[in-house]
Participant: 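Here's a structure for you.
Letters go in sequence order (proteins before strands), and every chain restarts at 1.
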Amino acid sequence: MAQQYKSWKDLPIGAVVPGGTCYLNKTGTWRVSKPVLDRSKCTKCLLCWIYCPDVAIAFDEENIGIDYDYCKGCGICANECPVGAIKMVEEVESQ
Amino acid sequence: MMEQLTRSGNEAAALGAKLSRAEVIAAYPITPSTFIVEYLAQYIADGELKAKLINVESEHSAMSACIGASLAGARTFTATSSQGLALMHEMLHWAVGARTPVVMAVGNRALAPPWNLYANHQDSIAQRDTGWIEFYCENNQEVLDTIIQAYKVAEDKRVLLPAMVCLDGFILTHTRERVDVPPQDAVDEYLPPYRPEHFVIDFDRPLTENVIVTPAWYMEYQYQLEVAMRNAREVIREANRDFAKKFNRDWGGLVDSYFMEDAEVAIMAMGTIAGTARVAVREMRKAGHKVGLIKLRAFRPFPIEEIRKLGSQLKVLAVIDRNCVFGSGGASCIEAQSALYSIPNRPKVLGFIAGLGGKDVGVESIKYILNKALKVSETGRVEREVEWVNLVGGE
Ligand code: SF4
Ligand code: SF4
């Protein structure tokens, strides 16, 4: 929650805030292991995009990518990828 | 012209919701409150009520649908009992935190096992800490009137909390008595349409409802609820005063007192037991005893000020509960003890558990309790703090 509130009196009633505020909350820091994509194997089938519960798979005409600002490292994409293009790597190892 | 007919408690509840112009009704049937929604479905089918009725697969979904509709700005209504209310529990918290002023009729019924369909307050008492306002009714007229008042209170900007209106299963839900149905235009004047200012679902102005809150702010959100519930006390008094002025029926606000002016010993009760207690008090007054009745109309918020004021003149307060906080006595008795503890001349408080699962609580039972209380007022000695009344085999 942003720091503009000085008191409980300022909090928006019912915890209702403008839409899209979750973009401000970068939850990628919660991650312990991280999906790493091997583009040479990826067929761009987008199953990972469908399954990702955090909408952390980004894609355009050319490429598939992982948005590490929001990816929580659940590993669902790696599990669902039919060609094994995503591998889960311990966050510490990858740094 | 006021319409006067006999109505069951269920019909009175449905009429209350209809007169309040509920816009979305979502419910799942359960005895003894099923008829409430059946009546409302009939009103909608007959074109008497313009509302959307949502058939759902469980009470959990019923409350979820009401919350969603309320967030969209609709006045919402539902009804349930017993196991159904228990199944709603998670969403009851949700309705409070989301500040949706849903109104719900609860046909009070015992919880299983063993299976029992009859009057017991355990179902709604078990929801005490969800943050819902809780009213308990003595008769069918009060049911109708209290539903209208409940919207007035729940939707007030100082409150914005959901409210349940409780009526004893079968004793009220299935019993017909005279109910005066106030004219629609008068109710419309008393209760204007619900126009939430704090939020409303609007596709052109997207909102995030129920954001995640860190430990830095969760407690502050809980305090907002605490303030809302405290505010509800005065708002209930006001809503009752305004109602009495307009419709000529005064239900007392948070409590209704009877023969309390010079009472030394009083009985406190909720729901239909209060009606029986009136007869017992009247008869014992005739016999020369200074006894009175405190009818607890709002259990949540608990009327701390009223109980302190009335309690300070008493020698003994006997509290009847149609529920049990196992190991500690009745819920309203514990609340009364807690409210009275810090006043200088507090009365002795005696707890009585009675009428569980629809067991009859007659005038004789109330007189038995009052006589016990009178004895304690003479001797000053409390032998038993909590007593189960009419228990087969005794304690
Ligand atoms: S690990 Fe989980 S959160 Fe991260 S991209 Fe894969 S599916 Fe999404
Ligand atoms: S599931 Fe695998 S192959 Fe399909 S788009 Fe995602 S990474 Fe590529």
Participant: Give a yes or no on whether a salt bridge exists between B:Arg75 and B:Glu23, defined as a side-chain N under 4.0 angstrom from a carboxylate O.
Facilitator: no
Participant: Just checking, B:Lys152 and B:Phe243: is the charged tip under 6.0 Å from the six-membered ring centre and within 45° of the axis?
Facilitator: no
Participant: Strictly less than 4.5 Å between heavy atoms, which residues of residues 90-99 of chain B line up against chain A? Please order them by number.
Facilitator: B:Gly97, B:Ala98, B:Arg99
Participant: Does this structure show an ion pair linking B:Glu305 with B:Arg233, if we count only N-O contacts that are shorter than 4.0 Å?
Facilitator: no
Participant: Find out whether the Lys NZ or Arg CZ of A:Lys34 is both under 6.0 angstrom from the six-membered ring centre of A:Tyr68 and within 45° of the ring's axis.
Facilitator: yes
Participant: Please flag which part of B:Leu160 lies under 4.5 Å from any non-hydrogen atom of chain A: side chain, backbone, both or neither.
Facilitator: side chain
Participant: Within 45 degrees of the axis of the six-membered ring of B:Phe299 and under 6.0 Å from its centre: does B:Arg128 put its NZ or CZ there?
Facilitator: no
Participant: Under 4.0 Å between a Lys/Arg side-chain N and an Asp/Glu carboxylate O for B:Glu335 and B:Arg300?
Facilitator: yes
